[in-house]
There are 2 protein chains.
Amino acid sequence: MEARVAEQSTAGQANKRRVTLTRESILEAALRLCSPEGGGQLTFSRLGKELGADPTAVYRHFRDKDELVLALTDLTIQEGIELARQALPDGPADDWRAWLTVTAQSVRTSYLARPALAVLAAARTTASPAETHSVEQLISVLHRAGLPVVEAAECYRALLDLTLAMTQYTAAFSILDPQAQEKDEAAWAVKYGMLPEDEFPLLHRSAPRLTELFRDDDGVFALVLSTFLDGVAVRIERARNAG
Amino acid sequence: MEARVAEQSTAGQANKRRVTLTRESILEAALRLCSPEGGGQLTFSRLGKELGADPTAVYRHFRDKDELVLALTDLTIQEGIELARQALPDGPADDWRAWLTVTAQSVRTSYLARPALAVLAAARTTASPAETHSVEQLISVLHRAGLPVVEAAECYRALLDLTLAMTQYTAAFSILDPQAQEKDEAAWAVKYGMLPEDEFPLLHRSAPRLTELFRDDDGVFALVLSTFLDGVAVRIERARNAG
DNA sequence: GTGCCGCTGTCAATGGCATTGACAGGCTCG
DNA sequence: CGAGCCTGTCAATGCCATTGACAGCGGCAC
């Protein structure tokens with residue numbers, strides 16, 4: 001169907017042949033559009049062009065844009081989980097920390113491959129059947145590490161929101177036109193470079209690191225994640241001592 | 001000037017008297033629109049109506065919407081910092097943890113009072129001069145607690161992104177029409193309620209807590225924040241032992 | 001005081017967006 | 001062979017940000 005769509009979109013310019021859409025072909029095309037290479041913008045008109053069909057034809061398969069986005073996030077989450085599985089084929093293997101890190105990073109990676117989707121997805125948390133097993137596994141990992149079940153579930157939820165929120169935050173920034181990004185960056189650089197040393201001694205000393213972190217969203221995420229997991233470790237310790 | 005604008009907007013319906021806008025009056029009106037009571041949507045046409053002026057008049061004071069939003073986030077951050085100051089008038093007082101918690105929560109509160117702004121603000125990190133002192137103070141608190149300067153700065157950055165990202169995440173959800181929210185909620189409830197106990201034992205046991213957390217974004221944030229700060233504590237401990 | 005200029009509000013228009021309803025071709029089922 | 005549904009097409013609606021031409025009002029120079 002990949003091939004078919006491509007064929008249509010190249011040849012379909014002249015002859016007005018109807019293209020037959022399917023849920024799958026639409027999702028594929030939409031994912032392509034969401035990636036930076038695909039233009040990084042998901043709109044019905046672009047989607048129509050990509051499919052070689054009228055934009056409104058999509059409405060025959062998805063009630064509205066929201067429903068389309070929901071389906072796309074579902075796919076993306078699934079892909080992230082799959083990615084994690086490939087990275088750590090042996091499962092948790094008693095190292096809860098590595099497992100959680102890889103899982104979070106994988107989901108983040110999948111999302112960031114399609115920043116436009118991440119932005120659209122906003123706060124829609126799909127109750128995807130695909131991820132259910134992963135959630136059970138995640139909780140189980142934390143539980144075996146020593147956390148009571150409910151607390152393990154809380155940690156899962158916290159980690160999930162943390163990851164999605166920060167990923168969307170990054171995606172939103174990466175969507176901005178380069179001009180605006182540079183403007184922001186310049187503002188920061190000036191701000192941190194020009195600070196009077198006597199009034200802001202600490203800020204002055206950490207300015208290099210801060211400007212370095214400015215563009216390194218992944219670095220900041222890694223920082224947050226590892227600090228958060230340090231916190232989880234503390235909780236596990238506490239639970240063990242209490243139990 | 002507040003009064004003047006108000007006077008105009010009440011009396012100005014009939015007589016087409018020109019309203020004189022100022023940067024301040026615009027920002028005020030815009031903030032009002034961003035709050036749920038004000039309609040929760042910031043558009044030029046609404047803004048024009050609110051001001052009793054032509055929508056496009058705003059362009060005389062702000063180059064585009066982005067610039068307006070930047071100014072608004074600046075105000076909001078300032079307000080958050082002010083809030084924190086009021087909550088803890090004595091300053092850090094050697095309790096870094098309380099200080100960081102209150103600061104983060106205050107910024108979050110200010111943002112959530114205007115969800116529409118939070119969504120628009122997305123990843124624009126303003127280099128607001130207003131907050132510079134707070135940043136210096138924040139780093140100083142962590143430094144006095146025992147963290148090397150650079151690491152303190154890293155923690156600041158991590159905490160900032162964490163807070164903003166999660167707040168915007170929450171705001172994005174709260175913006176959705178109630179119908180969509182209910183749909184999501186229903187999906188979750190079904191998902192967690194219907195889980196076969198034998199296949200997902202842990203998920204089944206934690207289902208009540210998870211559905212409880214579903215709508216409680218503030219609770220999740222508190223959870224993330226406190227876990228993160230546990231992690232910071234670990235780092236402080238490490239640094240002390242190493243130094 | 002007079003004339004000019006710039007500041008700022010107004011108006012009309014543009015192009016993009018999601019979404020809707022009427023229409024039409026082709027497919028399947030009877 | 002015919003009815004009806006599935007699905008693509010087309011035209012139109014309403015909201016959005018943004019732009020360019022225009023117009024009044026104020027202050028400034030002379």
Side-chain angles (χ1 to χ4, degrees), chain A residues 1 4-5 8-9 12-27 29-30 33-34 39-72 116-117 119-120 122 124 175-177 179-180, chain B residues 1 4-5 8-9 12-27 29-30 33-34 39-72 116-117 119-120 122 124 175-177 179-180:
Chain A
M1 148 195 346
R4 183 169 183 186
V5 170
Q8 295 287 2
S9 67
Q13 293 286 33
N15 46 353
K16 297 281 175 61
R17 283 272 314 276
R18 267 179 169 224
V19 188
T20 31
L21 270 35
T22 64
R23 201 182 154 84
E24 286 74 27
S25 70
I26 294 175
L27 289 175
L33 284 183
C34 287
Q41 287 203 52
L42 181 61
T43 77
F44 279 87
S45 63
R46 284 167 191 264
L47 189 49
K49 213 176 295 176
E50 180 81 12
L51 290 162
D54 190 277
T56 62
V58 177
Y59 283 94
R60 298 290 175 202
H61 302 265
F62 297 91
R63 191 147 44 86
D64 53 13
K65 193 171 182 178
D66 210 58
E67 205 170 291
L68 176 60
V69 168
L70 243 44
L72 290 172
L117 175 60
V119 171
L120 254 6
R124 305 308 303 270
I175 284 274
L176 294 176
D177 55 337
Q179 192 193 349
Chain B
M1 147 195 345
R4 182 170 186 186
V5 169
Q8 295 286 5
S9 68
Q13 293 286 32
N15 47 355
K16 298 281 176 59
R17 284 268 317 273
R18 268 179 167 225
V19 188
T20 31
L21 270 35
T22 64
R23 202 183 153 84
E24 286 74 26
S25 69
I26 294 175
L27 290 175
L33 284 183
C34 288
Q41 286 203 52
L42 182 63
T43 79
F44 279 87
S45 63
R46 284 167 192 265
L47 189 49
K49 214 175 294 174
E50 180 81 10
L51 289 164
D54 191 278
T56 61
V58 177
Y59 283 95
R60 298 289 176 204
H61 302 265
F62 298 91
R63 191 145 46 86
D64 54 13
K65 193 171 182 178
D66 210 57
E67 205 170 291
L68 175 60
V69 167
L70 244 43
L72 290 172
L117 175 60
V119 171
L120 255 5
R124 303 309 302 272
I175 284 274
L176 294 175
D177 55 337
Q179 193 193 350

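Numbered from 1 within each chain, the chains take letters A, B, ... in sequence-line order. Predicted model only: the values in this text are computed from it and were never measured.
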Just call it for A:Ala57: base, sugar-phosphate, or nothing, with non-hydrogen atoms closer than 4.0 Å on any strand. base

Tell me, please, which residues at least two apart from A:Arg46 pass side-chain contact (heavy atoms from CB on, under 4.5 Å). A:Leu33, A:Gln41, A:Thr43

Between D:dC6 and A:His61, is there an OP1 or OP2 to side-chain N/O distance shorter than 4.0 Å? no

Which whole-number value in Å describes the distance from [X] [atom1] to [N] [atom2]?
X       : N      : atom1 : atom2 : value
A:Arg18 : D:dT9  : CZ    : C1'   : 7 Å
B:Leu47 : C:dT10 : CG    : P     : 12 Å
B:Leu51 : C:dT10 : CG    : C1'   : 14 Å

Is there side-chain contact between [X] and [Y], with at least one heavy-atom pair below 4.5 Å?
X       : Y        : result
A:Leu68 : A:Leu120 : no
A:Leu47 : A:Ile26  : yes
A:Leu21 : A:Val19  : yes

Not counting sequence neighbours, which residues clear ring pair (Phe, Tyr, Trp, His ring centres under 6.0 Å) with B:Tyr59? List them please. B:Phe44

Roughly how far, to the nearest 0.5 Å, is the CD atom of B:Glu24 from the NE2 atom of B:His61? 10.0 Å

Reading nucleotides 15-21 of chain C from 5' to 3' and marking B where a protein heavy atom lies under 4.0 Å of the base, S where only the sugar-phosphate is that close, and - otherwise, the string is --SSBB-

